[in-house]
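As the structure lists them, so they are numbered: ligands from 1, and atoms in each ligand from 1. Worth saying up front: this structure is predicted, and the values here are computed from it rather than measured. In this chain, residues are counted from 1 in sequence order.
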Amino acid sequence: MKRRTFLLSTLGAVASAQVASKDNQVPEWVRNALMEDNARAKSLPQFPPGFLFGTATSAFQIEGATHEGGRGESIWDRFCKTPGKVKGRENADVACDHFHLWKSDIALMKSLGIQSYRFSIAWPRLQPPGSGAANQTGIDFYSRIIDELLANGIRPFPTLYHWDLPQPLQDRGGWAARETADRFAEYAQIATRAYADRCPNWLIFNEPTMFINLGNLSGIHAPGLRDPAVTMRAGHIVNLAQGKAFRAMKAVSPKLRIGSAFSMSQPYPASTSDEDRRAAERFHAWENIWYIEPALHGRYPSAIGPIPDKLLDIRPGDMDLTRAPFDFIGINNYSRAVIEHDPHFPIPFAAFRWLSGETGPKTDVQWEVYPRGLYEITMRIWRDYKLPIEITENGAAYNTPPGRDGEIPDQQRIDFYNSYLHELCQAVADGADVRAYHAWSLLDNFEWNEGYTPRFGLVYVDYNTLARTPKASAHWYAKLIAAQKNSL
Ligand code: FCB
């Protein structure tokens, strides 16, 4: 399948060169392949009835108002204030000001026909120090959002943790402290008690692999550590937290449907060697399913081989506590991973190097556009776990500026979404039980250590005026959604 995508892009180059030179010798089969590709680009993918189209955001990236409503400090507030951590020393004190503009943002979603809204709850808003009593102002804030979504016929889909750990918990060791798992389960219970009556579907974590590895290994995200030993232990504690939160939430309401959103990239071995092939499997283990296998099977992925308990600080009984029999799996997908063996990787048992693929074009953050990767990872997760799947994030950074007429003609984003959605549609046709798709993101927003530079939104945000302008891709997405409804 990898070859197919490669072939088509190569054909595209060959044929357009020939057309450009007015050489009419394009073979028939090349012309047919191109026509098939063009037809696909123009047609809108059709999903089965009941499939939901949504958008995704996260609290820290859009809310702003970091000092309002009794909100406590998070590790990301602290990280932004630390010189050299975030591009241009930007911070999220205002962000998109969604804290004040939430109502018009929901109206905007309604006008686009959005059916599901994945948002995150800021732990420091609900429970400012990360322990003790809940903050009623915080509870009320999300309560109003949930009510407004429901009033507009949009499914509320909350995530409990999208990276904004209360700073006081970091001061006591953060995710490397076992106590944090218990605090997290308490917070999960506060949130579900408040909203379970109106929100049947929940995500526990957003991308545990990313917040643990970027925060503790490469140090480019909060809290900014570079410590392999801490990374390995913290990852295990996140697995414990996931299991504990799952049980705490089901205790509030056994009917809740609970999953987590995992960052996933389909690995492709860099060569045909056994070494690279095995490295690609270790990548899958460490990056894609490190927080799934302990939840569903009470073990760490077998592709890694035996891991000494002391490396992860696994204690007796732990692998029962990590269990969280998810009701569905969330997949966040952007690109693919080309993998080669590398014994110098700082996590000794993982031993791979993640190379960027060079087949597809690059987005403005240099991630390769590789739609087939979404098909392949979806099929693999479906084959391996046979659980319903929600695509919880997929999208692209393109910094198309507004034109003179004020329109934002982001055709590249339309092409991106169209090609990925066609691949997802194929996965559904091939049997994967995919229930929903969420575009990342509704709004341009604060992109972590990159600050406000990359723009991932369907909707353009002018950071001076905070005005929102739907881009051409937002209009296209609305058309896609309307076309599904018509086909019901
Ligand atoms: C994902 C994150 C999300 C956003 C996108 C671009 O890894 O979950 O918050 O930053 O990438």
Exercise. Taking the inter-plane angle between the rings of Trp448 and Trp76 on a 0 to 90° scale, is it parallel (under 30°), tilted (30 to 60°) or perpendicular (over 60°)?
Worked result: tilted
Exercise. Rounded to the nearest 0.5 Å, what separation is found between the CG atom of Asp276 and the CZ atom of Phe283?
Worked result: 13.5 Å
Seminar exercise, completed: Per-atom filter on ligand 1: closer than 4.0 angstrom to a heavy atom of Phe456 are 6 (C)
For this session: Return the orientation label for the Phe211 and Phe205 ring planes: parallel under 30°, perpendicular over 60°, tilted otherwise.
Result: tilted
Problem set entry | Geometric N/O contact Ser58 with ligand 1, under 3.5 angstrom | no
Problem set entry | Atoms of ligand 1 close to Trp448 [distance to a heavy atom under 4.0 angstrom, numbered from 1] | 3 (C), 4 (C), 9 (O), 10 (O)
Exercise. Within less than 4.0 angstrom of ligand 1, does Met210 place any heavy atom?
Worked result: no
Exercise. By number and element, which atoms of ligand 1 are closer than 4.0 Å to a non-hydrogen atom of Asn206?
Worked result: 8 (O)
For this session: Return the residue, atom name and 0.1 Å-rounded distance of the protein heavy atom closest to atom 5 (C) of ligand 1.
Result: Tyr334 OH, 3.3 Å
Exercise. Which of the atoms in ligand 1, numbered in the order shown and given with their element, are less than 4.0 Å from a heavy-atom of Glu447?
Worked result: 4 (C), 6 (C), 10 (O)
Problem set entry | Those atoms of ligand 1 less than 4.0 Å from some heavy atom in Glu207 | 1 (C), 2 (C), 7 (O), 8 (O)
Exercise. Under 30°, 30 to 60°, or over 60°: which ring-plane class applies to His221 and Trp163, parallel, tilted or perpendicular?
Worked result: tilted
Exercise. Any side-chain donor paired with an acceptor under 3.5 Å for Ser116 and His438?
Worked result: yes
Exercise. Is there any N or O on Trp440 that sits under 3.5 Å from an N or O of ligand 1?
Worked result: no
Exercise. Taking the six-membered ring of Tyr370 as reference, does the NZ or CZ atom of Arg336 fall below 6.0 Å from its centre and within a 45° cone about the axis?
Worked result: yes
Exercise. What residue and heavy atom of the protein are closest to atom 1 (C) of ligand 1, and at what distance?
Worked result: Glu393 OE1, 3.1 Å
For this session: Check each atom of ligand 1 against the heavy atoms of Gln61 and keep those under 4.0 Å away; list them by number with element.
Result: 3 (C), 4 (C), 9 (O), 10 (O)
Problem set entry | Parallel, tilted or perpendicular, as decided by the 30° and 60° cut-offs, for the rings of Phe416 and Tyr420 | parallel
Exercise. Hey, does the Lys NZ or Arg CZ of Arg435 hover above the aromatic six-ring of Phe328, less than 6.0 Å from the centre and inside 45° of the axis?
Worked result: no
Exercise. Just heavy atoms, cut-off under 4.0 Å: does His162 contact ligand 1 by side chain, backbone, both, or neither?
Worked result: side chain
